[in-house]
2 protein chains.
Amino acid sequence: MSLPYAILTALLEKPSSGLELTRRFDKSIGYFWSATHQQIYRELGKLEESGAIRALPGPTQPTRGQRKEYEVLPAGRDELAAWVAKIEDPKPIRDALLLRLRAAGVVGTQGLEAEVRRHLALHRAQLAEYRAIEERDFGDGRDSEGDRLRHLVLRAGIDLENFWVGWLEAARAELADMGTGVGTGTGTDARTGPDSTA
Amino acid sequence: MSLPYAILTALLEKPSSGLELTRRFDKSIGYFWSATHQQIYRELGKLEESGAIRALPGPTQPTRGQRKEYEVLPAGRDELAAWVAKIEDPKPIRDALLLRLRAAGVVGTQGLEAEVRRHLALHRAQLAEYRAIEERDFGDGRDSEGDRLRHLVLRAGIDLENFWVGWLEAARAELADMGTGVGTGTGTDARTGPDSTA
DNA sequence: TCAGACATGTAACGTGTTACATGATTCT
DNA sequence: AGAATCATGTAACACGTTACATGTCTGA
């Protein structure tokens with residue numbers, strides 16, 4: 001639902017070929033909406049057909065193995081602007097690790113602490129990376145409107161990673177506290193109590 | 001990838017029919033891994049075929065329109081326990097609103113502030129709901145291992161919503177600050193500067 | 001008996017993922 | 001000419017979403 005708009009944004013920032021886009025999605029925009037090259041090519045095809053973008057005229061168009069650069073057309077820009085203002089509810093959280101914690105409440109925490117530790121390290125690394133980018137790109141004084149918005153987005157990334165680091169530390173402490181978590185779940189099985197806990 | 005495990009967890013907590021599961025996914029587990037009834041029936045079919053769960057013997061099995069309750073078999077419990085300990089990297093952030101902020105840096109912020117306000121209200125409401133659940137289910141002293149883990153998961157939900165509320169307030173302030181954001185993007189278009197900003 | 005709720009299921013489609021196929025360009 | 005890299009593309013499948021179809025049970 002959002003991928004075409006991510007691509008339009010990227011192309012407006014700088015006209016690119018499919019492979020270039022793919023590389024740019026590995027950092028930058030991809031931090032918040034990742035995509036593989038297959039998705040990108042598929043979507044570029046649709047966008048071109050719908051008249052939102054067009055391929056820049058190259059020497060020839062045999063289209064296989066040949067680099068093909070795209071730029072956004074006015075129609076594409078309009079669609080993007082409309083999407084920015086569109087009413088669209090936030091999606092609920094969808095996180096496998098939280099689910100695993102919950103499952104551990106039923107089948108036991110065996111092996112979970114190691115995973116929590118691993119995730120903690122990964123999130124710390126991501127946090128450091130974001131902070132480095134912030135330092136590099138927004139280290140000094142204020143900048144243009146576009147820059148302020150990009151900084152705001154980066155702040156969201158930083159704060160989110162920050163949340164994970166904090167929460168994972170608490171989770172690790174809790175798991176350590178619960179002993180080595182041997183056995184198949186200490187809690188009363190098949191409990192009949194309230195289920196609405198979250 | 002995670003849905004079957006979400007279902008196994010739910011069934012271990014309490015054997016249920018497909019529709020009951022669907023209702024329980026609208027709260028509880030669904031706060032962290034939502035699913036529609038079609039997904040659930042599809043997955044129940046697969047799980048039954050693979051021997052992870054079985055239908056409790058009812059009066060008859062004409063299987064259409066007839067309530068069918070499932071319970072987890074030992075094989076299913078083992079699979080779930082294995083999944084809890086499995087090495088599986090966290091998925092990168094995937095959030096449309098962040099993408100829209102980024103797009104606004106290119107095509108202008110027209111209409112965005114209203115959306116930000118709307119999301120802010122939604123996140124505040126969700127936060128209040130989580131806090132109410134926490135008060136109700138974990139208001140008093142300490143509890144069993146399973147309860148402690150569920151509380152931890154709920155804390156993640158609360159902290160996440162808390163993050164969103166804070167960030168959205170900052171975003172709203174920034175957008176207000178930028179003026180009414182008329183026009184098609186104040187920033188320099190087609191900028192050639194660094195793209196790695198996030 | 002009819003309406004409404006309960007309950008399970010099909011069909012079709014869009015998006016995301018993985019594996020593989022093919023052609024062009026550059027360097028040795 | 002061969003290998004490596006650049007570049008675009010196909011195919012198949014898993015998962016999620018939407019719309020619709022079908023059957024059962026309960027109470028007015």
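What's counted below: heavy atoms across the whole structure, side chains too, no hydrogens, waters or symmetry copies. Numbered from 1 within each chain, the chains take letters A, B, ... in sequence-line order.
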Subject >> Nucleotide C:dC6, atom P - distance to CD of B:Glu69 in whole Å >> reply: 16 Å
Subject >> Rounded distance in Å - CG (A:Leu3) to P (D:dG16) >> reply: 18 Å
Original post:
How many Å lie between CD on B:Gln38 and C1' on D:dC15, as a whole number?
Top reply: 13 Å
Original post:
A:Arg42 has an atom CZ; how far is it from atom C1' of D:dT10, in whole Å?
Top reply: 11 Å
**OP:** Please check if the side chain of A:Thr9 supplies one atom and the backbone of A:Ile7 the other of a donor-acceptor pair under 3.5 Å.
**Re:** no
Subject >> Per B:Leu19 side chain, nearest of listed nucleotides C:dA7, C:dA11, C:dG16 >> reply: C:dA7
Original post:
Atom CZ of A:Arg67 and atom C1' of C:dT22: how far apart are they, to the nearest Å?
Top reply: 19 Å
Original post:
Which of these nucleotides, D:dC25, D:dT18, D:dT8, is closest to any side-chain atom of B:Gln66?
Top reply: D:dC25
**OP:** Answer yes or no: does a side-chain N or O of B:Lys68 lie under 4.0 Å from OP1 or OP2 of C:dG9?
**Re:** yes
**OP:** Output the single nucleotide from C:dT17, D:dT8, C:dA7 whose closest atom is nearest the side chain of B:Lys91.
**Re:** C:dT17
**OP:** Rounded to the nearest angstrom, tell me the gap between atom CD in A:Glu43 and atom C1' in C:dG14.
**Re:** 10 Å
**OP:** Rounded to the nearest angstrom, tell me the gap between atom CD in B:Gln39 and atom P in C:dT15.
**Re:** 16 Å
Original post:
Which listed nucleotide (C:dG16, D:dA7, D:dC15) is nearest to the side chain of A:Tyr41?
Top reply: D:dA7
**OP:** Measure up the A:Trp167 and A:Trp164 rings against each other and bin them: parallel (under 30°), tilted (30 to 60°), perpendicular (over 60°).
**Re:** perpendicular
**OP:** Go through the side-chain N and O atoms of A:Ser17 and A:Arg23 and say whether any donor and acceptor fall under 3.5 Å apart.
**Re:** no
Original post:
Which sits closer to the 5' end of DNA chain C, B:Arg23 or B:Arg94, going by the nucleotide each is nearest to?
Top reply: B:Arg23
Original post:
Toward the 5' end of DNA chain C, which comes first, A:His37 or A:Ser34, by nearest nucleotide?
Top reply: A:Ser34
Original post:
Does OP1 or OP2 of C:dT15 have a side-chain N or O of A:Lys46 closer than 4.0 Å?
Top reply: yes
Subject >> salt_bridge(B:Arg54, B:Glu71) N-O dist < 4.0 Å >> reply: yes
Original post:
Between A:Gln39 and A:Thr36, is there a donor-acceptor pair closer than 3.5 Å when you use the side chain of the first and the backbone of the second?
Top reply: yes
Original post:
Which whole-number value in Å describes the distance from A:Met1 CE to D:dG16 P?
Top reply: 15 Å
